[in-house]
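Here the structure is a predicted model, which means the values were calculated and not measured. Numbered from 1 within each chain, the chains take letters A, B, ... in sequence-line order.
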There are 2 protein chains.
Amino acid sequence: MKRDSRLSSVLHALLHMAEQDGPVTSETLALCLGTNPVVVRRTMGYLRQAGIVTSERGHAGGWRIHADLGSVTLRQLHEALGEPATFAIGNRNETPGCLVEQTVNAALEGTFAEAEALLLTRFSEITLADLASDFARRHAALRHSRNKS
Amino acid sequence: MKRDSRLSSVLHALLHMAEQDGPVTSETLALCLGTNPVVVRRTMGYLRQAGIVTSERGHAGGWRIHADLGSVTLRQLHEALGEPATFAIGNRNETPGCLVEQTVNAALEGTFAEAEALLLTRFSEITLADLASDFARRHAALRHSRNKS
DNA sequence: TTTTTCGTAACATCATTTGTTTCATGAAAA
DNA sequence: TTTTCATGAAACAAATGATGTTACGAAAAA
């Protein structure tokens with residue numbers, strides 16, 4: 001199953017951008033992500049529409065975070081990306097005439113809805129600032145283990 | 001995103017089989033599901049391997065449920081199907097060298113794991129018997145509303 | 001005016017599920 | 001024994017959707 005990795009991508013990009021003072025180009029981000037600048041523009045475009053980042057053209061242009069790291073949640077990013085389908089498992093037929101299938105759909109939908117609600121709740125509890133401090137912790141731990149060895 | 005609808009399919013098939021006394025052919029199930037007999041065999045084959053159904057060839061052959069309806073949970077069916085990926089959202093790179101990406105992955109994986117655990121717990125709480133009685137309730141309600149009108 | 005960089009459209013590639021064709025095999029009926 | 005009905009399985013085709021690529025236009029700064 002091919003998974004939508006855009007949330008993962010934009011998080012990766014945003015944390016790299018958070019480490020920089022100035023704007024970061026699509027080219028640079030594409031190198032970080034191992035992809036293509038056009039894909040970066042396409043994906044980051046959703047975040048621009050949501051007001052989370054800005055972009056500037058020409059010399060010294062690129063992408064900037066246009067929000068406080070502590071105020072941007074994973075849920076906002078997920079919404080900015082258009083709330084892509086959460087589950088890779090689904091009903092065969094969304095509007096069945098068959099009563100048996102309606103029964104099956106209802107059971108599965110209820111269960112998926114519950115799991116999705118939990119996922120979105122957790123997403124709304126995690127900010128970019130949280131991830132940035134996680135990263136700082138990992139970075140420090142790595143330096144420490146390097147010094148020891 | 002193309003969703004895996006096999007769990008939905010086998011549930012639909014199993015409930016139809018539960019309504020029948022004798023075996024049900026792949027041909028009949030394919031008509032119920034709006035698909036192809038070969039697809040039915042392919043999918044039901046997983047349930048046979050798990051011992052949930054049996055199949056017989058030749059005249060008066062077909063598929064039978066080989067378990068008590070109350071003892072088969074959605075989780076067992078999900079496992080029988082090979083535990084397909086739950087989420088349509090995932091990490092871009094599963095084994096990143098980049099520490100930023102490791103941080104992002106860890107955060108997402110933890111969240112997804114929690115949501116998946118909830119989903120599997122709910123799956124383990126729902127049996128075929130539950131769905132069958134749901135169906136009976138819907139069926140009765142439909143007959144009632146028909147009589148009134 | 002040249003270079004840099006984003007914006008966008010159009011198309012190509014790739015992966016995965018689902019559907020289809022085909023033939024072999026086994027079991028029961030004629 | 002032959003025919004019919006059914007599954008088993010392999011191989012291939014179609015459809016879908018994310019991702020990658022090419023190409024060109026527009027804007028901003030050197």
Chemist: Nearest 0.5 angstrom please: A/Leu74 CG to A/Leu131 CG, how far?
Modeler: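 Reported to 0.5 Å precision, the distance equals 5.5 Å.
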Chemist: How about B/Ser5 and B/Ser8: does a side-chain donor come under 3.5 Å of a side-chain acceptor?
Modeler: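 Short answer, no.
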Chemist: So if I apply the side-chain contact (heavy atoms from CB on, under 4.5 Å) rule between B/Trp63 and each of B/His16, B/Glu56, B/Arg41, which one comes out positive?
Modeler: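 It is B/Arg41, the one option of B/His16, B/Glu56, B/Arg41 that forms the side-chain contact (heavy atoms from CB on, under 4.5 Å) with B/Trp63.
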Chemist: Starting at atom CG of A/Asn91, determine the distance to atom C1' of C/dT18, rounded to an integer number of angstrom.
Modeler: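 The answer, rounded to whole Å, is 16 Å.
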Chemist: Roughly how many Å is it from CE in A/Met44 to C1' in C/dT5, rounded to a whole number?
Modeler: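 Rounded to the whole Å, the gap is 14 Å.
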Chemist: Side-chain N or O of A/Ser5 less than 4.0 angstrom from OP1 or OP2 on D/dA18?
Modeler: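 So the side chain of A/Ser5 is outside the cut-off, no N or O lying under 4.0 Å from OP1 or OP2 of D/dA18.
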Chemist: Do you know the tightest heavy-atom contact between B/Arg92 and A/Leu33?
Modeler: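 Closest pair (atom of B/Arg92, atom of A/Leu33, distance): NE-O, 3.0 Å.
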Chemist: Taking CG from A/Asn93 and C1' from C/dT18, how many angstroms apart are they, rounded to a whole number?
Modeler: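 Between C1' of C/dT18 and CG of A/Asn93: 15 Å.
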Chemist: Report the distance from atom CZ of B/Arg3 to atom C1' of D/dT16, rounded to the nearest whole Å.
Modeler: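 About 14 Å, once rounded to whole Å.
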Chemist: For DNA chain D, which residues of residues 16-23 of chain B approach it to below 4.0 angstrom with any heavy atom?
Modeler: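 Of all residues in residues 16-23 of chain B, none places a heavy atom under 4.0 Å from DNA chain D.
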Chemist: Could you tell me whether the side chain of B/Ser133 and the main chain of B/Asp130 form a donor-acceptor pair under 3.5 Å?
Modeler: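 Yes, because the side chain of B/Ser133 sits within donor-acceptor range (under 3.5 Å) of the backbone of B/Asp130.
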Chemist: Name the pairs: protein N/O against N/O of nucleotides 22-29 of chain C, kept only if under 3.5 Å.
Modeler:
unit_1, atom_1, unit_2, atom_2, d
C/dT25, O2, B/Arg57, NH1, 3.1
C/dG26, O4', B/Arg57, NH2, 3.3
C/dG26, N2, B/Gly58, N, 3.0

Chemist: Mapping B/Arg92 and B/Ser55 onto DNA chain D by nearest heavy atom, which one lands closer to the 5' end?
Modeler: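 Result of the comparison: B/Ser55.
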Chemist: Rounded to whole angstroms, how far apart are CG on A/Asn36 and P on C/dT8?
Modeler: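 It works out to 16 Å between those atoms.
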Chemist: Starting at CG of A/Leu29 and ending at P of D/dT19, how long is that distance when rounded to a whole Å?
Modeler: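 That distance rounds to 16 Å.
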Chemist: Within this structure, what is the CG-OG distance for the pair A/Leu31 and A/Ser26, rounded to the nearest 0.5 Å?
Modeler: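 A/Leu31 atom CG to A/Ser26 atom OG measures 11.0 Å (nearest 0.5 Å).
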Chemist: Can you tell me if the side-chain N/O atoms of A/Ser26 get under 4.0 Å from OP1 or OP2 in C/dC6?
Modeler: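 Checking C/dC6 against A/Ser26, a side-chain N or O does come within under 4.0 Å of OP1 or OP2.
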Chemist: NA contact type, A/Gly45, heavy-atom cut-off 4.0 Å: base, sugar-phosphate, or nothing?
Modeler: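 Nothing, no heavy atom under 4.0 Å.
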Chemist: Quickly, which of B/Thr73, B/Leu69, B/Asp68 forms a side-chain contact (heavy atoms from CB on, under 4.5 Å) with B/Ser71? Name it, please.
Modeler: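 When side-chain contact (heavy atoms from CB on, under 4.5 Å) is applied between B/Ser71 and each of B/Thr73, B/Leu69, B/Asp68, only B/Asp68 qualifies.
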Chemist: Confirm from the modelled atom types if A/Arg42 and D/dG20 form a donor-acceptor pair under 3.5 Å, side chain to base only.
Modeler: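 Side chain to base: pair present.
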Chemist: Could you check how far CG of A/Asp4 sits from P of D/dT16, rounded to whole Å?
Modeler: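 About 19 Å, once rounded to whole Å.
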Chemist: Ignoring backbone atoms, test whether A/Thr25 places a side-chain nitrogen or oxygen under 4.0 Å from the OP1 or OP2 oxygen of C/dT5.
Modeler: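 A/Thr25 to C/dT5 OP1/OP2: no side-chain N or O under 4.0 Å.
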Chemist: Classify the side-chain pair B/Arg48/B/Ser55 by whether it contains a donor and acceptor separated by less than 3.5 Å.
Modeler: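 There is such a pair between these side chains.
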Chemist: Please report, rounded to the nearest Å, how far the C1' atom of C/dT18 is from the NE2 atom of B/His12.
Modeler: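 It works out to 17 Å between those atoms.
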Chemist: Over 60° means perpendicular and under 30° means parallel, so tell me whether B/Phe112 and A/Phe123 are parallel, tilted or perpendicular.
Modeler: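 Aromatic pair B/Phe112/A/Phe123 classed perpendicular.
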